[in-house]
Amino acid sequence: MIRLLRPSRLKEAGILGMNRRNLHYIGRYNRRSLYPLVDDKLQTKLLAEKYGMPTPAMLRHLTAQHEVAAIGPWLHTLGGFAIKPAKGSGGKGILVITSREGDRFVKASGESLGLEDIERHLSNILAGLYSLGGSPDTAIIETLITIDPRFEGYSHEGIPDIRIIIFQGYPVMAMMRLATHASDGKANLHQGALGLGIDISSGACLDAIYQNERILHHPDTHRPLRDIDLPEWHNILMLAARCYEMTGLGYIGTDIVIDRDRGPLLLELNARPGLSIQAANGRGLLPRLHAVEARAEVYRPPEERVAWAREQFRAQ
Amino acid sequence: MNKNLFFIVAGLLFAAGVALALSRSLLTGVPLIPGKKNDVWLVEARVDFTAHGGPVKVSLDIPVTPPGFVIYHEQTTSPGYGFSFVKERHDRRGEWAVRYARGPQTLYYKGQFIPDRQASPAQTKLATPKKSVEKVYWDEPLAMASGEILRNATRHSSDTPSLTRELIRELSRADNPDAKLILAAFPMHEALKRLLLQSGLHSRIALGLRLEDARRNQSLEAFVEVFDPKKKSWLLYDPKSGRLSLDENLLMWHQDGPSLIDVEGGTGAEVRFSMIHQSVPALQLAKRQQADSLFDIFSVHQLPVEEQSMFKLLLLLPIGALVVVFMRILVGLKTSGTFMPVLIALAFLQTSLIPGFVSFVSIVFIGLLLRNYLSSLNLLMVARISTIIVIVIFIIGVLSLVGYHLGFNTGMTVTFFPIIIIAWTIERMSILWEEEGAREVLVQGGGSLLVAVLAYLFMSSQLLGHLFFHFPELNLSVIALLLLMGQYTGYKLTELRRFRSMELR
C-alpha cells in the first residue's frame with residue numbers, strides 16, 4: 001500500500017514543493033542570463049578565483065581534441081587528479097585517479113586504467129557526451145581532494161560534500177551528502193546517497209535520510225551518523241553566503257567539500273537545487289524562505305547575513 | 001504580473017470558450033452531447049484537368065438518388081466557374097463553365113450522403129429501358145468464343161440472375177480458353193456487359209464508390225447492371241465476385257447516362273474521391289440547408305474533406321496536452337520527453353489501444369537491446385541517433401511482416417508510430433539505463449506509457465471528440481486551464497509520498 005501524506009501535513013511542516021520552487025523561487029530570483037555562470041564549472045571556477053574563494057586547484061583545462069594527444073607525458077608527472085566535464089550534471093563524467101601503479105592510473109574503486117582509457121574519456125567529454133544537450137564541452141583537470149580524517153568511514157568511495165541552500169545571500173538550510181555503496185560513489189540523494197541534515201546554527205548533525213527513510217547508522221559502515229563533527233562551520237557558511245555576491249543568483253545550492261590540508265573548498269554551484277534537503281533536515285524550507293524574504297529588502301554584507309541566519313535558524 | 005488580473009484573464013478566456021460553444025450550439029443546432037445520430041458520408045469529388053486557354057465546359061455525372069442513400073447537403077467549390085445542375089431523364093449532371101481558363105484546373109463537388117436502410121442497394125427501381133437492346137459486334141475469333149460461353153451459361157441457368165452468375169463463373173474460370181481470349185481483349189466488366197447484351201438482356205456499366213472512413217484519392221469501381229424483365233428492375237453485379245453487391249458501404253455514383261465526365265476545352269480529366277465518415281445529429285442535418293450564419297463561416301466544416309480528416313486528429317491534441325500538463329504538474333509523474341506521450345497516444349488512436357501498446361513496448365524493447373550494442377561502438381551522438389532511426393524502421397518492417405504473416409492486421413498500423421520520436425525515446429532510455437539504472441528506466445517508461453494511455457482514453461472519448469471537433473472555440477477554455485495549472489504552486493501528488501518521512505515528526 002502506498003503511504004501518502006495529507007497535503008495539510010506538508011504545509012504544516014513548511015515543505016517547499018517542486019511547483020512552488022520553480023515558480024516562486026527559481027523563476028523569480030534566478031535570472032536566466034546568469035545560469036551559464038553556474039552551469040559551466042570552468043566559468044564558476046574562474047569567477048571564484050576572481051572573488052578569492054578557495055576551490056580545488058585547476059591544473060589544466062582542455063578544449064580541443066588535439067590537446068588530448070599531447071597530454072600523456074604531463075599526466076605521468078602527476079600523482080592523483082580528477083577529470084571533470086565543465087557542463088556535466090549530477091556527477092556524470094567525473095573520473096578520479098587516486099594513485100599510480102607504474103604506467104597505470106588507479107581509480108578510487110581500485111580499478112586501473114591505461115593512458116588510452118584516460119584519453120578516450122577526455123575525448124568523450126570534449127565531444128559532449130556528458131554535457132546537457134550534447135554540446136561540445138571543456139574538460140577540467142583538478143588536483144585531488146584529500147578526505148578529512150574525521151570523515152573516514154562515513155563515505156563509500158567518495159568525498160562527502162556539504163550542500164547549503166543560499167537564498168538571497170542567506171544560508172537557509174544545509175545537509176551533508178555521503179556516498180553509499182548503492183549510490184556507487186555518487187552524491188545525489190535520488191541515486192541512493194545518504195543525506196544528513198545539518199543545523200545552520202551549530203553545524204551539528206540532525207537527522208539522516210537514506211532512500212526516503214530515516215536512519216541512524218551508515219548503511220555500509222554502520223557508523224553512527226550523529227557523531228559526525230563538522231570543522232570550520234562558520235567558514236563554510238561564509239564561503240557559501242559569498243556565492244550570492246559572486247553570481248547574483250538569488251536561489252542557489254552551493255556544494256562545498258572539506259580538504260584535509262586546505263579546508264573548505266567551493267566545489268560547484270547549482271541554480272536548480274533539489275528539494276530532498278528538507279527531508280534530510282526533517283523540516284520545510286518555506287518558513288525560512290519567508291523569514292529571509294521579509295528581511296532581504298535591505299542589502300547586508302555576508303558576515304551579517306551569516307550571523308543572522310545562525311541566530312535565526314536554530315534546530316530546536 | 002498582477003495576480004488578480006491574471007485570474008480575471010484566465011476566467012474570461014474560459015468563459016469565452018464555453019459561451020461561444022453554447023451560442024454556436026444554440027444558433028446552428030449542433031447539440032453539445034452527441035445524441036441521436038445519423039451516419040453521414042461526406043464525399044468529395046475532385047476533378048482535375050488541364051485547360052487549353054479558352055472557354056471550358058465540364059460536365060460531371062452526379063447521382064441524384066443513388067440506391068440506398070439520400071443526399072442531404074451538397075456544394076461545389078470552383079473559383080471563377082459558373083455551376084448548375086442539368087437534369088437528364090433519371091439522372092443529373094453538374095456543369096461547370098467559364099469563359100477563359102488555362103493551365104491545371106481543380107473543381108470540387110461535396111455531398112453528404114445518408115444511408116437509407118429501406119432501399120436495397122442491389123435492386124434499383126430505375127425506369128425500364130425504353131430502347132431495344134443494343135447490338136454487340138465481336139471480331140471473328142471472339143465471336144466464336146463468346147458464342148461458346150453464352151451457350152454453356154444458358155444451358156446451366158434458368159433466369160436472368162442465374163444466367164449472370166453463370167457468365168461470371170465461366171469468365172472467371174482459369175482453364176477456359178474462350179474466357180481467356182475474351183478477357184485479353186476486354187476488361188471483365190466490359191466482357192460481361194457485352195455477353196449479357198448478346199443474350200438479349202439490357203445491361204450497362206455502373207460506377208460505384210466504396211466508402212471507407214478518411215480515405216483519399218479513391219477512384220470509382222466498375223460494376224455491371226442487368227435488367228431483369230421478370231422483376232422489372234435492374235440488378236447489380238460485382239464482376240469480380242459474381243455476387244449481387246449488397247454492400248451498404250457502396251455508393252453508386254454513375255449508373256445511367258452517357259459518361260462520367262466530359263470536358264470541352266481541356267484534356268487529361270481525372271476524377272478522384274475523398275470521403276469522411278461523420279456522425280451528424282439529425283437536428284443539424286435538418287438545419288443544414290438554412291442560410292449560413294457567422295458560426296458556419298468559422299467552422300471546420302468549411303474546409304475540404306481532406307483537411308477535415310486531418311483537423312479531426314489535430315483538434316484532439318489539446319486534450320492530450322491538457323492530460324500531460326495535469327499529470328506532470330499536479331501528479332508529478334516522470335515521463336521521458338515532455339510531449340512524447342501525446343504523440344504515442346495519437347499513434348494509439350490509429351492502431352487501437354492493446355495492439356498499439358504491445359507493439360510500442362516491443363519496438364522500444366528491441367531497440368534498447370540493439371542500442372546497447374551501439375554504445376560499445378563509441379559513436380558520436382547524431383550518428384548514433386540516425387542509426388537508431390534506421391534500426392527502428394527495420395524493427396517496424398519486421399514486426400509488420402511477422403504480423404501480416406500471422407494474419408494480424410495490426411502489423412500494418414504499426415507504421416503510424418512517429419519513428420523519430422521512438423528513436424529519441426530509445427536513446428534517452430538507454431542513456432538513463434547506463435546512468436541511473438534499470439529502475440529509473442521503468443519509472444520513466446512506465447510514467448510515459450501511463451500518461452499516453454490516459455491521453456488516449458480522453459482523446460478517444462466520443463463526447464470529447466465531438467465537442468472539440470464541432471466547437472473548436474473550447475480550446476480557449478483549454479488555454480485558460482493551462483494558464484491556471486501553470487500557476488499552481490501547491491504540492492504534487494508524488495511529493496506527498498516523497499516527503500513521507502515527515503510524517504513521524
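Below, each value reflects all heavy atoms present in this structure, side chains not excepted, and no hydrogens, waters or symmetry copies.
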Task: Shortest non-hydrogen contact from B:K492 toward A:N19 - done: CE-OD1, 3.3 Å

Open item on the list: For a quick check under 3.5 Å, do B:R498 and A:S276 share a side-chain donor-acceptor pair by atom type?
Closed with: yes

Task: Engaged part of A:L23 at the chain B interface, taking heavy atoms whose separation is under 4.5 Å - done: side chain

- [ ] Answer yes or no: are there more than 12 heavy-atom neighbours, outside B:F458 itself, under 6.0 Å from its atom CZ?
- [x] no

Task: Spacing of B:Y491 atom OH and A:K11 atom NZ [to the nearest 0.5 Å] - done: 7.5 Å

Task: Side chain, backbone, both or neither of A:Q278 within contact of chain B (heavy atoms, under 4.5 Å) - done: both

Open item on the list: If you count every heavy atom of other residues, nucleotides or ligands that lies below 6.0 Å from A:Y29 atom OH, does the total exceed 12?
Closed with: yes

TODO: For atom CZ of A:R31, decide whether the heavy atoms of other residues, nucleotides or ligands shown that lie under 6.0 angstrom number more than 12.
DONE: no

Task: Close side-chain approach of A:I15 and B:E495, heavy atoms under 4.5 Å - done: no

TODO: Measure across B:F499 and A:L10 and return the closest heavy-atom pair with its distance rounded to 0.1 Å.
DONE: CB-CD2, 3.7 Å

Task: Contacting moiety of A:R6, where chain B heavy atoms sit under 4.5 Å - done: backbone

TODO: Kindly check if the number of other-residue, nucleotide or ligand heavy atoms within 6.0 Å of OH (A:Y35) is above 12?
DONE: yes

Open item on the list: Tell me if the CD atom of A:E297 is crowded by more than 12 foreign heavy atoms within 6.0 Å.
Closed with: no

